[in-house]
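To start, the structure under review is shown below, and the notes come after it.
Quick caveat: nothing in here was measured; it's all calculated off a predicted structure. In what follows, chains are A, B, ... by sequence order, proteins preceding strands, each numbered from 1.
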Amino acid sequence: MNTPKYEPKPIEEKWQRVWEDERTFHTPNPPPGTTDDTHWYQLEMLPYPSGDSMHMGHVLNYTMGDVLTHFRRRSGWRVLRPMGWDAFGLPAENAAIREGSHPRETVERNIVAIRGQMKRLGWVIDWEREVSAHQPTYYRWTQWLFLKFLERGLAYRKEAPVNWCPNDQTVIANEYVVDGRCERCGAEVELRNMTQWFFKITAYADELREYELPEGGWWPERSKTIQRNWIGRSEGAEILFRVEELDIDIPVFTTRPDTLFGATFFVVAPEHAFVEQHGNEEVREYAKHAGARRTEDRAAAEAKTGVFTGHHVINPVNGERLPVYVADYVLMDYGTGAIMAVPAHDERDHEFAETFGLPIVEVINEDDVLVSSGQFDGLPAEEAKRAIVEWLREQGRGAPAVSYRLRDWSMSRQRYWGCPIPIIYCDDCGIVPVPEDDLPVLLPDIDDYLPKGKAPLASNEEWMRVPCPSCGKEGRREADTMDTFVDSSWYFLRYVDPHNDQAPFDRAAVDYWLPVSLYIGGIDHLTGHLLYSRFFVKALNDMGMVGFREPFARLYHQGWVQMGGTKMSKTKGNVTGPAALVDEYGADAVRLTILFMGPADQDKEWTEEGIEGVVRFLRRLWRVVHEVAERAPSDWREGPLTQRAHETIAKVSDDVERRIQFHTPISAVMVLVNELSDDPAAPDARFAAETAVSLIQPYAPHIAEELWQRLGHERLWEHPWPVADPAYLKRDTFELVVQVNGKVRDRLQVDATLPEPELVELALQSEKVRPHLDGMQVQKTIVVPGRLVNLVVG
RNA sequence: GCCGAAGUGGCGGAACUGGCAGACGCGCCGGACUCAAAAUCCGGUUCCCUCCGGGGAGUGUGGGUUCGAUUCCCACCUUCGGCACCA
């Protein structure tokens, strides 16, 4: 027998050429009006082309999606599996700056390189649907959607304290400030008051806390909890406090209206308008310094600081005059930026009161009942909350209110490489949207795009000057660009209808495919991209543009592939790519290795050692299949491998489909191949070999296709996924475990049809069991049919 | 501080619904083939004791429920993640 050597490269190139020539992985949309429940939209988060190669984290992510895609396709489903590029934004622009080229050149070169690697890995991707955020055919519709949000009041401009990254020289969103630092570059962010565009994501705060998933959909509980933590909902009341001498009201938000009688002073945040309008020089001086500090630093301060403003407010519930302080422990961006201070029942207020010698009045006793609270005395605190708010409402001094931690999404960027915001400013007409027919507002090519603390586009006079669409007088363009996360908040809709030049997408097509059946991506995007996308879809649904309210029916987070204990990423520089490994061992081996490393949702340390075992397995599979092709009979007769093969089909199918688990199916096929190699001439060896090849195909499609051909067949990629015959999953005999007092004493091969009393009888007679029964009474017998007998003795 | 997840051989991990702990793979040990090596194949590999029949212990720690617990409950330890001067 002379089995040829397994050489992956020519085999992989051969089949990749076939798939490319035949457009094997192109999935056209079904004819309009098609309804079926056997379609699947498989999506993994799209990559940033900020470098010219992938790392092993990408390989894990996309290979998982690939296995699922093959599995669903062969199970008879119509599967959409696209790919695109998150090409705008800081990472790409910074990469271009580093290498001194234009961002467009950098990303387009990187896209070519990464696309080549993806094809070399043999992934099932419908390249005819490829989109990239930086192409005018795409960002035209990003701009169009922005205008729709503007019409609905969901995009707006305001001056507000925003996070400024001094290194990247742009505003960044709250969601991408981590521990007070820029998520991209690690620089400490500063708070700056700036006029910016925002998306009103807070309008959907409550809805985003709920998950309106379709039937069969699921999100990990952990993911939902993290999003809910981020949104942060507190129920309470808004209460008006009057400054008599100024004839103004200052609202506060509190979760503890029951403690209103215990308020002994009042505090506004340094950034509060009251300070600017009514503060004396000392107050404003304090506020200026305190307000410039980051929240993290304020929280870390050893002692409470503040200044009395000289003003007083009236407590609406008892008419007491409370001194108004400005203090930096009150934050402008939560609640109303002002608080009623109840030192007896709030730690921070207590600390402040101690420092400044302010009175402390207890209004709730140990039984959680109100005291010293006028007509509310004796009420349990929970009841008092409602009663006091109701009383305030009657007086016109308060109302129930809900406060969120979530802030509106600040989306203007003072950088060049992004989607232009389609707005024109006119001295007479104000903020004027660019008419739809004039879209896209093209991003001009400029030589000097370096960040300089203000939008680089602003210095391009020719581009900036434009007639006002409303009155025709000269206006000026918005020079900021959009946050990259705007681009990626709707890309999954564009894939469905990527070449549409009349609309961002066709509603019928989108309603057919969406929500995404399974979305795979890193958990780090939970409070950013994933929240933004859900907001977009809910808003689009309210605008009648899509027929669903959640973009992603199921969500799966792959674990980090780490090196040296930290996540592989370009910023950290600890990156290993697949290219060299693919050259040396082949794409199939790399695909198997990354999935065989362990549960896909767990973090893992990358090591090349694992690839050896996988390569051994592939060589063994190769050899055994050749032996089978040569020696096994071509007609099938049942043998011991038949049952094993059916068991493997059941195991692999269930793991992939229901459990979304990828490493145990590989083990199962290894077991089958190991047994097959013991007897490659068995009467059912051919069936076992075909089964092994068929089951490993989603993981290792090239070698599987080649071996399938050598077994005399064609086109495994469209061959129906095997189905386990239940008749073979039942065993005629089983191994009966015999326990005495819970300890295993014997294992007996017994007929599966034996009734329980006979199983007990066999157990009692076992040579290995009898010594353990000596001088003992059998008090109880437990029989688990098909498994074990436990004799309880004493 | 609040909320959540996870702890199993030398290593990655398996055991899905309370029923054989350690599948599969790595590594290691021994053997075959070879002048030799690589590759490949075969056998062994949780720990302790052993008269080689077997016996005992064992899934972070301590308790509990149960005939039976890696799995369920309670407490604790460790690690990781989210939120945190959020009123």
Please report the distance, rounded to the nearest Å, between CG in Leu406(A) and C1' in C86(B).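 To the nearest whole Å, that distance equals 13 Å.
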Can you check the Arg298(A) CZ to A84(B) P distance for me, whole Å?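 Result: 14 Å.
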Residue pairs meeting side chain to side chain donor-acceptor pair (under 3.5 Å), one or both in residues 335-351 of chain A, sequence neighbours left out, come to Tyr329(A)-Asp349(A), Asp346(A)-Arg348(A)
Give a yes or no answer on whether the side chain of [X] reaches the backbone of [Y] with a donor-acceptor pair at less than 3.5 Å.
X	Y	value
Asp588(A)	Ile703(A)	yes
Tyr699(A)	Pro665(A)	no
Trp622(A)	Pro4(A)	yes

I'd like to know if Arg405(A) reaches the base of C86(B) with its side chain such that a donor and an acceptor end up less than 3.5 angstrom apart.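 Answer is no: no donor-acceptor pair is held.
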Between protein and nucleic acid, restricted to nucleotides 2-7 of chain B and to nitrogen or oxygen atoms under 3.5 Å apart, what atom pairs and distances do you find?
none

Strictly below 4.0 Å: does Asn674(A) bring a side-chain N or O up to OP1 or OP2 of G25(B)?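 Checking Asn674(A) against G25(B): at least one side-chain N or O falls below 4.0 Å of OP1 or OP2.
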Testing the 3.5 Å rule here: is there a donor-acceptor pair between the side chains of Arg620(A) and Asn674(A)? yes
Partners meeting ring-ring contact (aromatic ring centres under 6.0 Å, His included) with [X] (sequence neighbours left out):
X	result
Phe734(A)	none
Phe356(A)	Tyr325(A), Phe352(A)
Phe71(A)	Trp721(A)
His646(A)	Phe687(A), Tyr728(A)

Go along nucleotides 37-45 of chain B 5' to 3' and tag each nucleotide: B for a protein heavy atom under 4.0 Å from its base, S when only backbone or sugar atoms are that close, - otherwise. --SSSS---
So if I define the base as every atom that isn't primed, P, OP1 or OP2, how would nucleotides 50-56 of chain B read as a B/S/- string at a heavy-atom cutoff under 4.0 Å? -----SS
Write down the distance separating the [atom1] atoms in [N] and [M], rounded off to the nearest Å.
N	M	atom1	result
U71(B)	U65(B)	C1'	14 Å
C26(B)	A39(B)	P	12 Å
U50(B)	G56(B)	C1'	11 Å
G55(B)	U34(B)	P	43 Å

Carboxylate-amine/guanidinium contact Arg298(A) Glu271(A), below 4.0 Å: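 Between Glu271(A) and Arg298(A) there is a salt bridge, with a charged N closer than 4.0 Å to a carboxylate O.
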Report which part of the nucleic acid Gln739(A) touches: base, sugar-phosphate, or nothing (heavy-atom distance under 4.0 Å, all strands).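 Base contact.
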Can you tell me which residue pairs pass the salt bridge (Lys or Arg N to Asp or Glu O under 4.0 Å) test with a partner in [range], sequence neighbours excluded?
range	value
residues 659-672 of chain A	Asp655(A)-Arg659(A)
residues 173-182 of chain A	Arg181(A)-Glu188(A)
residues 784-794 of chain A	none

Per-residue pairing states of RNA chain B in dot-bracket (Watson-Crick or G-U under 3.5 Å; . unpaired, | other strand) read (((((((..(((......[....)))((((((.......))))))((((....))))..(((((..]....))))))))))))....
Heavy atoms from C-beta onward define the side chain here; which of G82(B), A87(B), A14(B) lies closest to that of Thr254(A)?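 The listed nucleotide nearest to Thr254(A)'s side chain is A87(B).
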